[in-house]
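These notes concern the structure reproduced below.
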2 protein chains.
Amino acid sequence: MNTHMRHEADQSPPLESACRVCQLSPVRGQGSVDQAANRACVRNCETRSLAAGRTLVREGEPLHQLYVLCAGWAFYYKQLPDGRRQIAAFLLPGDTLMLEAAYFPSFPAPFSVKALSSIVVCGFAAADAMRLLQGSEARQQELYRARYQLMQSLHSRLFDLGRRTARGRLAQLVLELHERLGSRGMVHDDGSFDFPVRQEHLADALGLTAVYINRTLAQLRREGLMTIENGRLTVFDAPALRQVAQEE
Amino acid sequence: MNTHMRHEADQSPPLESACRVCQLSPVRGQGSVDQAANRACVRNCETRSLAAGRTLVREGEPLHQLYVLCAGWAFYYKQLPDGRRQIAAFLLPGDTLMLEAAYFPSFPAPFSVKALSSIVVCGFAAADAMRLLQGSEARQQELYRARYQLMQSLHSRLFDLGRRTARGRLAQLVLELHERLGSRGMVHDDGSFDFPVRQEHLADALGLTAVYINRTLAQLRREGLMTIENGRLTVFDAPALRQVAQEE
DNA sequence: CGTACAATTGAGTGAGTTCAAGTGGGGTGG
DNA sequence: CCACCCCACTTGAACTCACTCAATTGTACG
């Protein structure tokens, strides 16, 4: 039992720490940073804080900004007037939001972006960010990596929806998040990490219903593979989870 | 590398017409073309002809070429050792293949590419193609459009698999192909177009089985919305199809 | 306490799968 | 010219994974 349980919305990450994270993203560059370019970027960057559930970008709006997600989780999604929603990707702290703004500037956004937890973002004009990126070979590489990961994740999700069972999809998604967070040092030694995702979000990401997500989650929990409790996901048996992901 | 021509399968589209199509693609540019750059491009382009079912790119191979699909259809897909396959996109004559090679050069391909019908492609080193594109504002715009359409199509397919019924998915896919071919003048007045796609491909693209594709197709045919006969798809009632796509 | 929202559980249903058998057309060899 | 084969398509019947509807529990917060 936990004595201190607080609602996520209460603990917005502090703004002053935002640009420290921002610094680590491909857009701002890793390692040695050109100080002049960096100052220019800070001057042009607009830091915003959004509560959980708020919409950052709406499908169809022209793209001209791109963001670094400094703190919190967000997701890309498409929604129909009748309520059907499909989540295309989860974005984690340090990820770049709307990298697409650089692929095809000023086109209408092909999806919406919403804050999953409360978030802090730094916004840049796409053109500025690209100019900054031209400067450094290392940063360019880092940008390629970010694009690549996003594209890979999209194609994996597509395979999931088309060709995997509920258990397989869930295992696959959990493993992907586990890995992405792990490479940022955001996974504890016990295999657990912060997980501000509702079962409804999982359903919308995996093309299932919340009820069935619940049943599947319960099954995986009973089998001792993983659990979700108090906004925290724990992977107990990664190899077994990997096997589920592969076989189903 | 020089243009090299060879003749293979009997019914391959003629090579001499290849570069006329190639000319119409974003990579080669539309309208007025810089003649010097164009000649340079022809010098550097390698034209290849592949029979139906041959693999052009294998998942995991490093990307350094990109292709213009001059004739025939191809598709992006992922396949598991156990045989499960998911088709991510169909590529039509005039489309660019592996545009990703420019997004994140030299990364391993996140999917494979296979010829659906017999095809003719022009291959370019990604770096060369990009340099060529820098030259013209119009071509740059055309490239953005191509990227955008591909990304949009991926997100739509994702929504389809997650949130639409079999009928809805089929209607959606047919309408998308109808539109893309229409804008190239490849749809006849009677609403029909060449369709070298097997029911098995439809199944792998829409996350269904070939048997169920068959049943669903039969239903749409009975309702007088569309039909597939002798490698030719005919849309009888586009508005009704649109309604199916929207509601299911 | 009362409200609100997320998670949980049960029972019945249905969309899509699996297995299996049969049809039809186009190409090939005799 | 026919016989045969191959492959894609078609159809039937049984099955099952995941959905729907509906009620209940748990937790946070005013």
Side-chain angles (χ1 to χ4, degrees), chain A residues 1-11 51-53 82-86 116-118 160-171 173 195-222 226-234 244 247-248, chain B residues 9-11 51-53 82-86 116-117 160-171 173 195-222 226-233 244 247-248:
Chain A
M1 281 287 136
N2 212 330
T3 41
H4 300 298
M5 291 199 236
R6 298 164 62 185
H7 192 65
E8 283 129 7
D10 286 342
Q11 34 185 331
D82 63 23
R84 277 179 292 176
R85 180 171 75 172
Q86 178 62 40
L116 189 49
S117 60
S118 71
D160 287 359
L161 295 194
R163 290 294 177 229
R164 271 192 242 270
T165 65
R167 275 164 59 87
R169 292 179 211 183
L170 209 35
L173 177 60
F195 193 70
V197 183
R198 310 262 140 260
Q199 296 186 354
E200 191 191 335
H201 295 120
L202 289 175
D204 286 344
L206 301 180
L208 300 163
T209 59
V211 173
Y212 201 66
I213 288 286
N214 185 292
R215 292 190 219 275
T216 309
L217 237 24
Q219 197 187 353
L220 293 177
R221 192 188 317 126
R222 260 184 271 111
M226 55 163 290
T227 188
I228 300 178
E229 277 174 330
N230 305 324
R232 188 149 203 81
L233 192 157
T234 309
V244 169
E247 293 179 357
E248 304 182 25
Chain B
D10 296 338
Q11 36 197 1
D82 64 23
R84 278 180 292 176
R85 181 171 74 171
Q86 178 62 41
L116 188 51
S117 60
D160 286 0
L161 295 195
R163 292 293 179 228
R164 269 192 243 269
T165 64
R167 274 164 58 89
R169 293 179 210 183
L170 210 34
L173 177 60
F195 193 69
V197 182
R198 311 259 140 263
Q199 296 187 354
E200 190 192 335
H201 295 119
L202 289 175
D204 285 344
L206 301 180
L208 300 162
T209 58
V211 172
Y212 201 64
I213 288 287
N214 184 292
R215 292 189 221 277
T216 310
L217 237 27
Q219 197 187 354
L220 293 176
R221 191 187 318 126
R222 259 183 271 113
M226 54 164 290
T227 189
I228 301 178
E229 278 174 331
N230 307 324
R232 191 151 199 80
L233 192 157
V244 169
E247 292 179 359
E248 303 181 26

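The sequence lines fix the lettering, A, B, ..., with proteins before strands; numbering per chain opens at 1.
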Q.
For the CD atom on B/Glu200, are there more than 12 heavy atoms of other groups (residues, nucleotides or ligands in this structure) within a distance under 6.0 Å?
A. no
Roughly, in whole Å, what's the span from [atom1] in [X] to [atom2] in [N]?
X	N	atom1	atom2	answer
A/Asn230	C/dA7	CG	C1'	12 Å
A/Gln219	D/dA18	CD	P	10 Å
B/Ile213	D/dT11	CD1	P	15 Å
A/Glu229	D/dG26	CD	C1'	13 Å
B/Glu200	D/dC9	CD	P	9 Å
A/Leu170	D/dA18	CG	C1'	14 Å
A/Arg164	C/dG16	CZ	C1'	19 Å
B/His201	D/dA8	NE2	P	9 Å

Q: Work out which heavy atom in A/Ala171 is nearest to a heavy atom in A/Val244; give both atom names and the distance.
A: CB-CG1, 3.9 Å
With a 4.0 Å limit, can you tell me whether [X] has a side-chain N or O closer than that to the phosphate oxygens OP1/OP2 of [N]?
X	N	value
B/Asn214	D/dC9	no
B/Thr209	C/dT17	yes
B/Arg221	D/dT10	yes

Q) Taking atom CZ of B/Arg221 and atom CG of B/Asn214, what is their separation to the nearest 0.5 Å? A)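 Answer for the CZ-CG pair, B/Arg221 versus B/Asn214, is 7.0 Å.
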Q. How many angstroms lie between CD in A/Gln199 and CZ in A/Arg215, if you round to the nearest 0.5 Å?
A. 11.0 Å
Which nucleotide in the set [options] lies at the smallest distance from any side-chain heavy atom of [X]?
X	options	answer
B/Arg215	C/dG10, C/dT18, D/dC19	C/dT18
B/Thr165	D/dA22, D/dT11, C/dG16	C/dG16
B/Ala166	D/dC19, C/dG16, D/dC9	C/dG16
B/Val211	D/dC9, C/dC19, C/dA7	C/dC19

Q: Indicate yes or no: at least one non-hydrogen side-chain atom of A/Leu202 is less than 4.5 angstrom from one of A/Leu217.
A: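 Side chain of A/Leu202 against side chain of A/Leu217, heavy atoms only: contact under 4.5 Å found.
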Q) Which comes earlier along DNA chain C counting from the 5' end, the contact point of A/Ala218 or that of B/Tyr212, where each point is its nearest nucleotide? A)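 In this pair, the answer is A/Ala218.
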Q. At under 4.0 Å between heavy atoms, what does B/Leu208 touch on the DNA or RNA strands: base, sugar-phosphate, or nothing?
A.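 It contacts sugar-phosphate atoms only.
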